[in-house]
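Reading through the structure tokens given below for one structure.
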Amino acid sequence: MITARGLTKRYGSTVAVDDLSFDVQDGVVTGFLGPNGAGKSTTMRMIIGLDHPTDGTVAIDGTPYRDLRWPLREVGALLDAKAVHPGRSARSHLRAIALANKIPLARVDEVLDIVGLTAVAGRKVGKFSLGMSQRLGIAGALLGDPKVLLFDEPVNGLDPEGIAWVRQLLKGLAAEGRTIFLSSHLMSEMAQTATDLVVIGRGRLIADTTVEDFVSSHTVPTVEVRSADQVALADALRATGAEVAPAADDALSVTKVDAPRIGEVALAAGIALHELTPVRASLEEVFMEMTSDAQEYATSAPITEDPA
Ligand code: ADP
């Protein structure tokens, strides 16, 4: 488990991480979401001791990273896949890490096999594609067989097959009881991989919950309806307290009553239903809405002087 309490990091006048408290549980994949510049990388660097908090604490199973006896055997991290000596082969890169951390060298071939790099293990890392570098980074994170794993944008540069492979790998590692903390800007991928979520904006906590709760608690249940007589059905639904609005392709978008009730109203009015679909907002839609303040800040156009 990763425990952050009042975690804060200032760079001069910039507050990169602002009084963050959250827990990352064992046995599930926890997604770490936030717009660009929200403080995700800074938080991850503080978890593994690459940055010192200005204030607050973060611990791995109760122990700060710097106090762990064999850190790589307890926490594995992929933060920057390209941060590898380009002249080394994949195998010699991993062997150097293994030697420095008293990890048996046999483990090097094991992790090369897990990430599918056995055939290119002797090739210079400088010649690797971004996708291959990601796989090597994942191999490095797995090397010490750690219980806690951090992945910052692990699927960057991977093809769809590679992305699906990472998803299965992370879920499998979580199922073994490990703690998996994953950042990604690919929302649909996150929705398929993570069970829990930590969402931040401008360094502050926005949500610490499950993906399911995050989506359902910030959306209005809506049903899309098509029928033989949309006008008559809309009138009948409104008469029962529903809110009805036109949707794409002549569908009706109905809120305030659920799908079974809509079916009953249609039956009572003698109108044949052609479609009755509960619509679920996507993680991306909810995320965009919840972080719109922080997004606006990040993407707003510079203010220009009026020439007149
Ligand atoms: P994210 O990973 O969510 O994109 P970061 O943690 O990289 O966000 O950055 C958070 C904020 O801290 C940004 O405003 C960024 O410019 C600032 N920041 C990050 N690292 C440094 C640094 N070494 N020096 C100064 N400012 C930094």
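- In this model, no donor atom of one side chain and acceptor atom of the other lie less than 3.5 Å apart for S292 and E289.
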Report the C-alpha separation of E275 and T277 in whole Å, then their side-chain angles, then the decisive distance to 0.1 Å, and conclude whether the side chain to side chain donor-acceptor pair (under 3.5 Å) test is met. CA-CA 6 Å; E275 186 188 337; T277 313; 2.7 Å; yes

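- Remark: the backbone N or O of S89 is paired with a side-chain donor or acceptor of S92 at under 3.5 angstrom.
- D152 and S41 share a side-chain donor-acceptor pair at under 3.5 Å.
- Ring-centre distance between F22 and F181: below the 6.0 Å cut-off.
- For the pair Q25 (side chain) and M1 (backbone), a donor-acceptor distance under 3.5 Å is absent.
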Could you pull out all donor-acceptor pairs under 3.5 Å where a side-chain atom in residues 217-224 meets a protein atom, sequence neighbours excluded?
{"residue": "S217", "atom": "OG", "partner": "D213", "partner atom": "O", "Å": "2.6"}
{"residue": "H218", "atom": "ND1", "partner": "F214", "partner atom": "O", "Å": "2.8"}
{"residue": "T219", "atom": "OG1", "partner": "V215", "partner atom": "O", "Å": "2.8"}
{"residue": "T222", "atom": "OG1", "partner": "V220", "partner atom": "O", "Å": "2.9"}

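- A salt bridge between E74 and K147 is absent, with no side-chain N of the basic residue lying under 4.0 Å from a carboxylate O of the acidic one.
- For the pair K9 and T54, the tightest heavy-atom approach, listed with the atom from each and the gap, is CA-OG1, 3.3 Å.
- Residues S216 and E212 bring no donor and acceptor atom of their side chains to less than 3.5 Å of each other.
- Remark: R91 engages D109 in a salt bridge, criterion side-chain N to carboxylate O under 4.0 Å.
- Remark: the D26 side chain and the T179 side chain contain an N/O donor-acceptor pair separated by less than 3.5 Å.
- Nearest heavy atoms, T43 versus L7: CG2-CD2, 4.2 Å.
- S21 places a side-chain N or O within donor-acceptor distance of the main-chain N or O of G6, the cut-off being under 3.5 Å.
- With rounding to the nearest 0.5 angstrom, the CD1 atom of I2 is 8.0 Å from the OG1 atom of T30.
- Side chain of R178 to backbone of L149: no donor-acceptor contact under 3.5 angstrom is found.
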